[in-house]
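Contents: one structure, followed by commentary.
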Protein chains: 2
Amino acid sequence: MVTVTRIIDSKTEDLRALRSQVRAEYEGFRARKLALDMTRGKPSPEQLDLANALLALPGERDFFSQAKEDVRNYGGLQGLAEARALFAPMLGVTPDRIVIGNNASLAMMNDCIVWALLKGVPGGTAPWSQTPQPAFLCPVPGYDRHFMITEEYGFRLIPVPLNGNGPDMDKVEELAADPAVKGIWCIPKYSNPTGEIYSPETSQRLAAMRTGAPDFRIFWDNAYTVHHLTPRRHEVANILELCEKAENPDRAFVFASTSKVTFAGAGLAFFASSAANVRWYLGLAGKRTIGPDKVNQLRHVRFLKNEDGLLRHMDAHRALIAPKFDATIAALEARLGGTGVAKWTKPEGGYFISVDVVDGTARRIVELAKEAGVAITPAGATWPHGRDPYDRTLRLAPTYPSLGDVRAASEVVALCILLAAVEKQCESQEKKAAHES
Amino acid sequence: MVTVTRIIDSKTEDLRALRSQVRAEYEGFRARKLALDMTRGKPSPEQLDLANALLALPGERDFFSQAKEDVRNYGGLQGLAEARALFAPMLGVTPDRIVIGNNASLAMMNDCIVWALLKGVPGGTAPWSQTPQPAFLCPVPGYDRHFMITEEYGFRLIPVPLNGNGPDMDKVEELAADPAVKGIWCIPKYSNPTGEIYSPETSQRLAAMRTGAPDFRIFWDNAYTVHHLTPRRHEVANILELCEKAENPDRAFVFASTSKVTFAGAGLAFFASSAANVRWYLGLAGKRTIGPDKVNQLRHVRFLKNEDGLLRHMDAHRALIAPKFDATIAALEARLGGTGVAKWTKPEGGYFISVDVVDGTARRIVELAKEAGVAITPAGATWPHGRDPYDRTLRLAPTYPSLGDVRAASEVVALCILLAAVEKQCESQEKKAAHES
């Protein structure tokens, strides 16, 4: 057994021995013909089981809201008052500032972008489509589906590095001075995929900064706000309050959903914002639909009951998924600790572990893992247009597979990271030697 | 009692007597302080009760599709195969040509308009927003919510008269030759509000006509396709087949929903079209959402089971609502038959009765009815921008109130129609007399 030290400091003969050994081990995994999937942040069947009561709710004789609306019929564009009240603490606003959509907060974000392009937003002087090339700030690494919406509708996507407390605010402030820059994608808590939590200072600067566009919007996707992995329920600043205090009351659109609370495909989505933005949203949503699915809202109210019910439900999720995150981190630590070839996050919430590997090896690792029967998110997915200029960041999603599978898959990934790093270092030393000789 | 003959032929003294008598009767209704609503095409509570089994479906242990997808989780953008199969006969296409949305077909129409504007549609050379002022054909009287979508996004709305077999096709063909005309709103069966059924010839001409725009689209909202009011299940031509045969395969977007089958607020919506249009739709919908609410699809499959279950369910609706249509028509007949002041439809399906009154009295009638405690759809609502140039068409929606309320409301409306007509005729004769003297 070769002792693994910092790969970069190893002697060529040691590296070659290590490469042979790791390759042999890799071939052993390949022979096992695994079929494991760590690509997407999907709840596991056991997590979904926690909400199975929803499948028989609200029951055949229960179809009136507190206000005596028949939830089966048309109407109720903003959502049931009791459902808005239930999620108001989670969203940090009063219920009148919440709109409940159907099953996807992504759809609400998409609609805001589309409406902004075609109609404009409060505070703007024209629809965004009249800006020659509107641009959007994309903190990286980030969520591919965010970037794809703005890509689809022709925005220029400007990556901004995340620094562990949210985006690099010096950069953001500099870029936002350009009037063509219309907004920024943010996942303020347990960010996808880095797990980082925006600091109060980051939030404050976002709320208060000068922007070139008077109608600049923060798309504040608080997707993981109650999705803790430790007993500590981290908080982020209340962006709507900060914006109001900074006299930019309409700057933030807040989004959230129960996709990773109840059912990923059949939950509730939320939009929360200033009074003017809520009016704007409802005005356009009211052209699109007579109302959302209120039966599903009543179902959620009956099931979760109140904020306490929601938080206890999230504790049950944590009990199921925290061990999977631990297993992945343990596998990375066991194989890669001390080698200097990778850094990984230890998130305290959310759905992802982000791994930075040796530059130029992320794509190779994804291929190696695939060959060995382990699917991970394509390298580059966390960057605009799917192109990571450093070919560096891997996103691991440990929630969906069983604990045993997470262990096996994480071992394979860790081995592939090591193999790719050793291969690269060997090549580099061999080239250097050839050059010198 | 004054005998009512054709009002227009009546002598002035008879008309004055009639006016006094009708006014007295109207005051009698006003004194009763009714509060009745015939404004919107909403199912009644009894109709919704027919689907109450949905409120406890699919049940706590039933969450797999035939293809073993976990319907609780993400995915399944096009909709469950068994749900598409169930509704394929209703839509007249194979299941692969169907996309299932959430609870509102209006939302799917809205999205098609928005995507056409921002991205263009198959066969087009540019997004519709690049046409200086895109226009849309609006058969009148028609559905206000259709017109409002195209109004909201800046289309020029061009009314085209309906002639009892669908829109006046000579007019449509003439107008569609303009490349700025991008599409037409159609409700081909039991049209809202006229109840008319597009003839095979109308459909054929729509499918085959030359259009100035190569990317012209028929928005074929088959909202009432299984919503019969008589034992006869009327058919309309299969527009997708006609378009294909006419070598305009991508011309029609077909929409439908179960809003008036199961729950108005919690049903399923459908888009059906050519292979190219379905690919286009899914490409853009896939940016907007990871998938629709598949639990609700499974719920509908478990409840309706198959085409036969669907048709029997619609028979139960008919049993509840046909008597309400009969009551309205009887009230109109009793009060207005032979007077020559109104013509009304006798629909064999759908949700509305359309009444053409004396030109220039529709708004007055809505006011009179309101004063007497009966809400009916604002006059003009069936025309683009809510402006009926003749002030002629009233839309009555008899499904929601109880049978007794429908009777009472219809009597009031009939009386108001008569009163407005008599008032107008008296005025006109009095003016004429003053002019001659």
Side-chain angles (χ1 to χ4, degrees), chain A residues 40-43 45 48-49 51-63 70-76 102-104 106-107 109-111 114-115 117-119 129 145 148-149 151-154 259 262-267 283-284 286-296 299 400, chain B residues 40-43 45 48-49 51-63 70-76 102-104 106-107 109-111 114-115 117-119 129 145 148-149 151-154 259 262-267 283-284 286-296 299 400:
Chain A
R40 301 295 322 178
K42 284 169 69 168
L48 298 168
D49 286 347
N52 273 354
L54 283 176
L55 295 168
L57 283 171
E60 293 200 21
R61 272 169 295 275
D62 184 6
F63 46 80
D70 185 332
V71 298
R72 304 168 304 177
N73 222 323
Y74 287 117
N102 281 325
N103 71 326
L106 199 70
M109 299 174 215
N110 177 94
D111 291 350
V114 155
W115 292 334
L117 283 167
L118 289 172
K119 303 288 295 183
S129 58
R145 290 187 191 273
M148 277 155 62
I149 289 175
E151 181 182 0
E152 182 71 38
Y153 295 107
S259 296
T262 57
F263 291 153
L284 286 155
K287 297 296 188 299
R288 189 177 179 273
T289 180
I290 308 177
D293 182 342
K294 298 182 301 301
V295 176
N296 206 31
R299 202 174 273 135
Y400 186 77
Chain B
R40 302 295 320 180
K42 283 168 69 167
L48 298 168
D49 286 346
N52 274 354
L54 283 175
L55 294 168
L57 283 171
E60 292 200 22
R61 272 170 295 277
D62 183 8
F63 46 80
D70 186 331
V71 299
R72 304 169 303 178
N73 221 323
Y74 287 118
N102 281 326
N103 71 326
L106 199 70
M109 298 174 216
N110 177 97
D111 291 350
V114 155
W115 292 334
L117 283 167
L118 289 172
K119 302 289 295 183
S129 58
R145 292 188 191 271
M148 278 154 63
I149 290 175
E151 182 182 358
E152 182 71 39
Y153 295 106
S259 296
T262 56
F263 291 153
L284 287 154
K287 297 296 187 300
R288 190 177 177 273
T289 179
I290 308 178
D293 181 342
K294 298 182 300 301
V295 176
N296 206 29
R299 203 174 271 135
Y400 186 77

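Letters A, B, ... mirror the listed sequences (proteins, then strands); counts begin at 1.
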| task | Give, as side chain, backbone, both or neither, the part of A:Asn52 having an atom under 4.5 angstrom from any heavy atom of chain B. | result | both

| said: Between A:Arg40 and chain B, with a heavy-atom cut-off of 4.5 Å, which part of the residue counts as in contact: side chain, backbone, both or neither? | reply: neither

| Between A:Phe63, A:Trp115, A:Tyr74, the one whose heavy-atom pairs under 4.5 Å with chain B are most numerous | A:Tyr74

| With respect to chain A, which residue among B:Pro58, B:Gly291, B:Gly76, B:Ala104 yields the maximal number of heavy-atom pairs within a distance under 4.5 Å? | B:Pro58

| query | Can you tell me how far CG of B:Asn73 sits from OH of A:Tyr400, rounded to the nearest 0.5 angstrom? | reply | 6.0 Å

| query | Of all heavy-atom pairs between B:Ala56 and A:Gly59, which one has the smallest distance, and what is that distance? | reply | CB-CA, 4.3 Å

| chain A contact via B:Leu117 - which portion, at a heavy-atom distance below 4.5 Å | side chain

| Any side-chain heavy-atom pair of B:Arg288 and A:Asp111 under 4.5 Å | yes

| said: Just by distance, no angles: are the side chains of A:Asn103 and B:Asn102 close enough, under 3.5 Å, to form a donor-acceptor pair? | reply: yes

| What distance separates B:Leu55 CG from A:Asp62 CG, expressed to the nearest 0.5 Å? | 8.0 Å

| Which value, rounded to the nearest 0.5 Å, describes the distance between B:Ser259 atom OG and A:Ile290 atom CD1? | 7.0 Å

| message | For chain A, which candidate among B:Leu118, B:Val71, B:Ile149, B:Leu284 shows the most heavy-atom pairs at distances under 4.5 Å? | response | B:Leu118

| task | Please determine if B:Lys287 and A:Glu151 form a salt bridge, counting it only when a charged side-chain N lies under 4.0 Å from a carboxylate O. | result | no

| note | The interface call for B:Pro45 against chain A, heavy-atom contacts under 4.5 Å, is both

| query | For chain B, which of A:Lys119, A:Arg61, A:Met148, A:Lys294 has the most heavy-atom pairs under 4.5 Å? | reply | A:Lys119

| Which portion of A:Asp70 sits near chain B, non-hydrogen atoms under 4.5 angstrom | side chain

| request: Look at A:Leu54, A:Val295, A:Thr289, A:Asp49 and state which one has the largest set of heavy-atom pairs under 4.5 Å with chain B. | output: A:Asp49

